[in-house]
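Working notes, structure below.
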Amino acid sequence: MTTITMPSRRQTARQRCKWAAACGELDAMGLLIDQLATSAGQLRDQGAPEDVLEDLTITLARLRETRKAVSSASRRLWTRVEDMP
């Protein structure tokens with residue numbers, strides 16, 4: 001028979017700190033993605049050959065998707081941090 005032991009308060013606090021720090025890192029990544037998207041948008045808006053405009057538009061769409069995913073991950077992780085005892 002396997003025994004399941006609950007983590008100690010210290011282990012829980014340590015995990016909570018790690019996850020909170022990870023949320024901060026995800027938020028920082030999100031800001032960097034925002035900066036990349038802004039730069040790509042500015043380049044696109046300055047005008048470029050059609051194939052380059054298409055590439056930049058695709059890049060912007062993917063950056064926006066990535067930003068949403070990073071934000072979602074950060075929110076979900078933070079919810080877990082808040083729910084920890």
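Because the structure is a prediction, the values reported are computed rather than measured.
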Residues two or more places apart in sequence or in another chain: which of them pass side chain to side chain donor-acceptor pair (under 3.5 Å) with Glu50?
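Side chain to side chain donor-acceptor pair (under 3.5 Å) check on Glu50 returns nothing, list empty.
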In Å and rounded to the nearest 0.5 Å, what is the [atom1] to [atom2] distance from [X] to [Y]?
X	Y	atom1	atom2	result
Thr59	Glu54	OG1	CD	10.5 Å
Asp27	Leu32	CG	CG	11.5 Å
Leu63	Ile58	CG	CD1	12.0 Å
Leu77	Glu25	CG	CD	10.5 Å
Arg64	Asp34	CZ	CG	10.5 Å

Would you kindly say whether Arg67 and Ser71 are connected by a side-chain donor-acceptor distance under 3.5 Å?
yes
Consider only side-chain N and O atoms of Arg76 and Ser72, and report whether a donor and an acceptor are under 3.5 Å apart.
yes
Smallest separation among heavy atoms of [X] and [Y], with atom names:
X	Y	result
Leu60	Ala40	CD2-CB, 3.9 Å
Thr66	Ile33	CG2-CD1, 3.6 Å
Leu26	Val70	O-CG1, 3.2 Å

Let me check something: do Met84 and Trp78 share a hydrophobic cluster, defined by ILVMFWY side-chain heavy atoms less than 4.5 Å apart, either directly or through other members?
yes
With distance as the sole test, does Thr57 use its side chain to make a donor-acceptor pair with the main-chain N or O of Leu53 at under 3.5 Å?
yes
Quick check: does any side chain N or O of Glu82 sit under 3.5 Å from a backbone N or O of Thr79, one acting as donor and the other as acceptor?
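A pair under 3.5 Å: no.
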Begin with the C-alpha distance, continue with both residues' side-chain angles, and end with the deciding distance and a verdict on side-chain contact (heavy atoms from CB on, under 4.5 Å) for Leu56 and Val52.
CA-CA 6 Å; Leu56 287 171; Val52 175; 4.1 Å; yes
Would you say that more than 12 heavy atoms from the other residues, nucleotides or ligands in this model lie under 6.0 Å from the CD of Gln15, or not?
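Result for CD/Gln15: enclosed.
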